[in-house]
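First comes the structure, then the notes that go with it.
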Amino acid sequence: MDFSAVSYALETIDKLTQEVTSLWGVDEQVEGLASELRWMQSFLKVADASKVDHEVIRTTVVEIRETFSLKVASKRKGGFSNCIKRSACFLKEGCLLHQIKSEIEKITARIKVLTRQLKTYDVSKLGVDGEGPSCSTERREARRPYPHVMDDNIVGLGKDIKKLVPVLLDEQSECRVVSICGMGGLGKTTLAKKIYSQSQVVGHFKHLAWAYVSQNCQKRKVWEDILSDFNLLSTEADKEMKVEKLAEKLSSFLEENKCLVVLDDIWNTESWDSLKPAFLVRETRSKILLTSRNKEIVSHADSKGFLHELQYLNYKQSWVLFQKIAFPPTNSPRYKIDAKMKELGEDMVKHCAGLPLAISILGGLLATKYPSLTEWLKISANVKSYMKNDKGEVLRDVLALSYDDLPPYLRPYYEILADRLIQLWVAEGIVSSKQEEGDEGQIAEDVAEGYLLELAERCMIQVRKRDIATLKIRSFQMHDLMRDFCLSKAKQQKFLYIADHSNACPLSTIGRVRRVSAHKFIWIQCIKSPRLRSLLFFDKFLPGEEIESFIPLTVSNHFENHEYGSYHPLVLLLYVFGFCVIVTKWRGIWKYIGGEGGFKLPNDIGKLIHLRFLRLRGNLRCLQTLDLRIESEWSDSIHVPNVLWRMQQLRHLYLPEECDRKTKLKLGTLRNLQTLVNFNTKNCYVKDLINMTNIRELEIRGPFNIEDFNTKELDKNPPIIQSKYLHSVSIINEEEIDPRHLAHLLLSCENISKLSLDVKIRRLPEYHYLSSNLAYIKLRRCELEEDPMPTLAELPNLRILKFHNNAFEGKEMFCSAQGFPKLESLSLVFLNSLEEWKVSEGAMASLQRLEIQKCIRLKELPDGLRFIATLQELKIKSMPKTFKDKVEEGGEDFCKVRHVPSIILQE
């Protein structure tokens, strides 16, 4: 159940309550509305806990969203009090108060109607369409596995079995719990069944038991199932035993015997906590095998447990599984694969994206149509719609179980770029101010990152990239079928409207659309929803085909057959013509400025007082994210007026890469700022950084000079940064930076874990200037004259180190013994002067990956590499032939790296 609409309304109401204490009469209306909303929130929480899915409740949630359209808040414009102060006379104050009270009363009346409707239903008796058990219960029962029933169509589990069986059979290991994890439909239970029936496993363990846990974990039922498999519940008296005695009996048996217990489909740590009294045996040879969609359970159950993440099938495996199901057996007289049918099948399998359950359902559907090519063509034309019909019910139920188990705050928000998604969550109010204030001082972005990690733990998303220093999620993806399912949920709950050419026109008549996502180009004039809260464009604002439609075909053909320079009069005339048409098309939305050339937003955008996320790649007081990295065709530099200091709610500010010389920005009032990109001291003031006590990521592009810097007594200079949250600093500058200014900056950054320097510095700051938390360092174009390795080797947490493009201009590098204790990756690229590199025994003891590229004067690999047993990959690229010959098998340096599993030699 989604009650985020109620939560957001309550949050806003609470803010209003704090502001209206001085306004006679209005506080009663606000508090009355808050009371109604709190009751409704409690009701929906009970419905959600019961997994009730009823059309009346879904409709009510939608109604709440539409009713609470923030009309009250729109009157604030800086707070009720400020609004009143700006009123010119007492009469105007009275009119405004009356209007505010009237609008709150209208909203309250509508909420009361919805409340009465909900009170007519009893949550405890409510089920699917008003009858029977909840839909989640039916789904669970339909999914109940039977260990003796084995699927004949199994592909791609051989490696998984070979990996897991030895772990279960190893009696010397302290690992007692083994977990198979993955999203629904991936084959976790199938793999567990295969292991459960393996002859090695059956022969090793004296007793085996299988118990199905599911979302609705009933510990007595689970314990009884296990004891029954062990033949320990023989009499009626045993079945009437107290639950405490059941746990004690099972625990004793596991301690005295060598047993394997499979707990299939366990959903959360709470389920394990309820079951664990029967499994709290320390000295035992028994093992527990779990299957789950939640990765955190194994570490919760056993700190030394073994986690096995099941992978999707590759395309070859997918096709093999599909053939087994969709086509008759090869020994059947009906076996014949038509070339066209094979082509269709190969294409349709791609839609399943390696999910075995999806492939099985699709194959089963097509098997019923075999050998009709016409029917296959029909299904091929729209695979996804066929997967959603009755034949695809099982797949939908499997995906729905994962969705139903999500806590309300994790529904139904999904994207690919983690930072962008988190910014949108915060802007939408999904991370509430109550959580921000009361959750151990965590800011909203931290809470949002926790949500994202929980989705990953539940295998709802697959992490693709992590920040190499902080290991935070940077990007992720969803399985296509899971994404489709979530979109259908969003549509059902009227949470989101996806607009394209085919359905953009109805937007002008739909008054209740709150969120619009445009994946293809549409004219923005089509969107005329007065209640719009969120508008996302994923395509170019004006794609090429639209521009082409402005130009007559005869003109286009003429230019294709003739060559003209950029300044030919006919070309210039066409530019003017095309530009006039575009400006006409944008009339009312964009306004052309004739002076310097460019565009500006209309004055009306200042009325969007709730706008919190604006990406343009005014004076908007609630804005949280502002991206000004504009690519201008008229000028290399952009002018930014000195108005940003007014936007005191800004959390993420991306300045243009190049501001013009007139730009001088005061940013000292932006105390909530967390991300600041393209800062420099030519267009900004270095003293403003000290006020940004929440800054987390700082990128300096261009000059960085500290005014009135005391070069004689460096310790007398005031600190530059006072944020304890700063974890990433990047400096990019085409010119040289004063190493003393750099050292003083880094001295203020005592907690950073990531440092990137793309600037000439000639001398690396001494060790005491560098944060001991540094995990990632990239040096580029630094032109260091002294070997930086002795300084960097002392950093205790450094994991990734990169020297690129003349970062070091010396001839020799030396890595001493015990240096770089945690270094995992080292990259030496384009170091033209480097001739000799020495590595002592004991240096870089954790190194896993080494890259050497375009170091044309480097004579040989260091002898010390032979002592680095952890090295997994050596990549040599664009190096002289004499160097590569030494590294190849049989070469004189090969003995130094023969233990490395992967040696890559590239031109």
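Here the structure is a predicted model, which means the values were calculated and not measured.
With respect to the salt-bridge test (charged N to carboxylate O, under 4.0 angstrom), the residues Lys687 and Glu707 do not qualify. The pair Glu873-Lys875 does not meet the salt-bridge criterion, since no charged nitrogen lies less than 4.0 angstrom from a carboxylate oxygen. Under a 4.0 Å N-O distance rule, the pair Asp419/Arg474 qualifies as a salt bridge. Salt-bridge formation is detected for the pair Glu658/Lys682: a Lys NZ or Arg NE/NH1/NH2 atom is positioned less than 4.0 Å from an Asp or Glu carboxylate oxygen.
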Exercise. What's the verdict on salt bridge (Lys or Arg N to Asp or Glu O under 4.0 Å) for Glu734 and Lys760, showing C-alpha distance, side-chain angles and the deciding distance?
Worked result: CA-CA 8 Å; Glu734 296 300 323; Lys760 186 191 296 186; over 6 Å; no

For this session: Apply side-chain contact (heavy atoms from CB on, under 4.5 Å) to the pair Lys778 and Phe803, showing each step before the final yes or no.
Result: CA-CA 6 Å; Lys778 181 177 180 180; Phe803 293 94; over 6 Å; no

Problem set entry | side-chain contact (heavy atoms from CB on, under 4.5 Å) between Leu784 and Ile761, worked out | CA-CA 7 Å; Leu784 299 174; Ile761 55 176; 3.7 Å; yes

For this session: Take Leu847 and Leu826, measure what side-chain contact (heavy atoms from CB on, under 4.5 Å) needs, and give me the verdict at the end.
Result: CA-CA 8 Å; Leu847 192 67; Leu826 176 62; 4.1 Å; yes

For this session: Would you please test Glu785 and Arg762 for salt bridge (Lys or Arg N to Asp or Glu O under 4.0 Å) and show each step?
Result: CA-CA 6 Å; Glu785 297 168 350; Arg762 298 200 180 275; 3.4 Å; yes

Problem set entry | Chi angles and distances behind the side-chain contact (heavy atoms from CB on, under 4.5 Å) call for Leu745, Ile706 | CA-CA 9 Å; Leu745 170 66; Ile706 303 173; 5.7 Å; no

For this session: Report the C-alpha separation of Gln423 and Gln624 in whole Å, then their side-chain angles, then the decisive distance to 0.1 Å, and conclude whether the side chain to side chain donor-acceptor pair (under 3.5 Å) test is met.
Result: CA-CA 8 Å; Gln423 289 171 13; Gln624 292 179 352; over 6 Å; no

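When all heavy atoms of Val900 and Leu874 are compared, the closest pair comes out as CG1-N, 3.9 Å. Nearest heavy atom pair, residue Asn832 against residue Lys854, reads OD1-O, 3.9 Å. Taking both residues in full, the closest heavy atoms of Pro821 and Pro796 are given as CG-O, 4.1 Å, listed atom of the first, atom of the second, then distance. Of all heavy-atom pairs between Met647 and Leu623, the closest is SD-CD2, 4.0 Å. The nearest pair of heavy atoms linking Arg651 to Val426 is NE-CG1, 3.9 Å. Contact record, Leu770 with Pro765: CD1-O, 4.4 Å, taken as the closest heavy-atom pair.
Here the side chains of Val759 and Ile732 are not in contact, with every heavy-atom distance at 4.5 Å or above. You'll find the side chain of Ile852 reaches within 4.5 Å of the side chain of Leu861, heavy atoms only. The shortest side-chain heavy-atom distance between Leu698 and Ile752 does not fall under the 4.5 Å cut-off. Using a 4.5 Å cut-off on side-chain heavy atoms (C-beta onward), Pro739 and Arg763 make contact. Within the 4.5 Å cutoff, side-chain heavy atoms of Leu626 are placed close to those of Leu628. Proximity of Phe883 to Leu858: side-chain heavy atoms (C-beta onward) are separated by under 4.5 Å at one or more points. No side-chain heavy atom of Tyr725 sits under 4.5 Å from any side-chain heavy atom of Asn751. By the 4.5 Å heavy-atom criterion applied to side chains, Leu792 and Leu823 are not counted as neighbours.
Judged purely by atom type and a 3.5 angstrom limit, Asn683 uses its side chain to pair as donor or acceptor with the backbone of Asp660. The backbone N or O of Val686 sits nowhere less than 3.5 Å from a side-chain atom of Thr681 that would complete a donor-acceptor pair. At distances below 3.5 Å, not a single donor-acceptor pair connects side-chain atoms of Ser756 with backbone N or O atoms of Ser730. Checked by atom type and distance alone, the side chain of Asn672 pairs as donor or acceptor with a backbone atom of Gln648 at under 3.5 Å. For Ser827 (side chain) and Glu851 (main-chain N/O), no donor-acceptor pair under 3.5 Å exists by modelled atom type. A donor-acceptor pair is defined here as one N or O able to donate and one able to accept, closer than 3.5 Å; such a pair exists between the side chain of Asn642 and the backbone of Lys666. Proximity of a side-chain donor or acceptor of Asp787 to a complementary backbone N or O of Phe814 within less than 3.5 Å is detected. Side-chain atoms of Asn680 do not come within 3.5 Å of backbone N or O of Gly702 as any donor-acceptor pair. The main-chain N or O of Ile720 is found under 3.5 Å from a side-chain atom of Ser748 such that the two form a donor-acceptor pair. Listed for the His744 side chain is a donor-acceptor partner under 3.5 Å among the backbone atoms of Pro718.
Counting heavy atoms of neighbouring residues, nucleotides and ligands inside a 6.0 Å radius, atom CD of Gln906 exceeds 12 of them. Crowding of Lys811 atom NZ: a count of heavy atoms from other residues, nucleotides or ligands under 6.0 Å not exceeding 12. Taking a 6.0 Å sphere around CZ of Arg466, one finds it holds more than 12 heavy atoms contributed by other residues, nucleotides or ligands.
Atom CG of Leu453 sits about 9.5 Å away from atom NZ of Lys472, to the nearest 0.5 Å. Of the inter-residue distances, the one linking Glu697 atom CD with Ser723 atom OG reads 11.5 Å to the nearest 0.5 angstrom. Note that the CD atom of Glu812 and the CD atom of Glu786 stand 13.5 Å from one another [nearest 0.5 Å]. In this structure, Lys716 NZ and Asn710 CG are separated by 7.5 Å, a value rounded to the nearest 0.5 Å. Note that the CG atom of Leu726 and the OG1 atom of Thr693 stand 12.0 Å from one another [nearest 0.5 Å]. Atoms CG and NE2, from Asn773 and His727 in turn, are 12.0 Å apart once rounded to the nearest 0.5 Å.
Note that Lys465 lies outside the cation-pi zone of Phe476, set by a 6.0 Å cut-off to the ring centre and a 45° limit from the axis.
Among residue pairs with one or both ends in residues 742-758, those qualifying as salt bridge (Lys or Arg N to Asp or Glu O under 4.0 Å) are Asp467-Lys754, Asp758-Arg780, Asp758-Arg781; sequence neighbours excluded.
With hydrogens and angles left out, the side-chain atoms of Thr663 and His639 include a donor and acceptor closer than 3.5 Å. Between the side chains of Lys822 and Asn797, at least one donor N or O sits under 3.5 Å from an acceptor N or O. Side chain to side chain, His652 and Thr675 meet the donor-acceptor criterion of an N or O pair below 3.5 Å.
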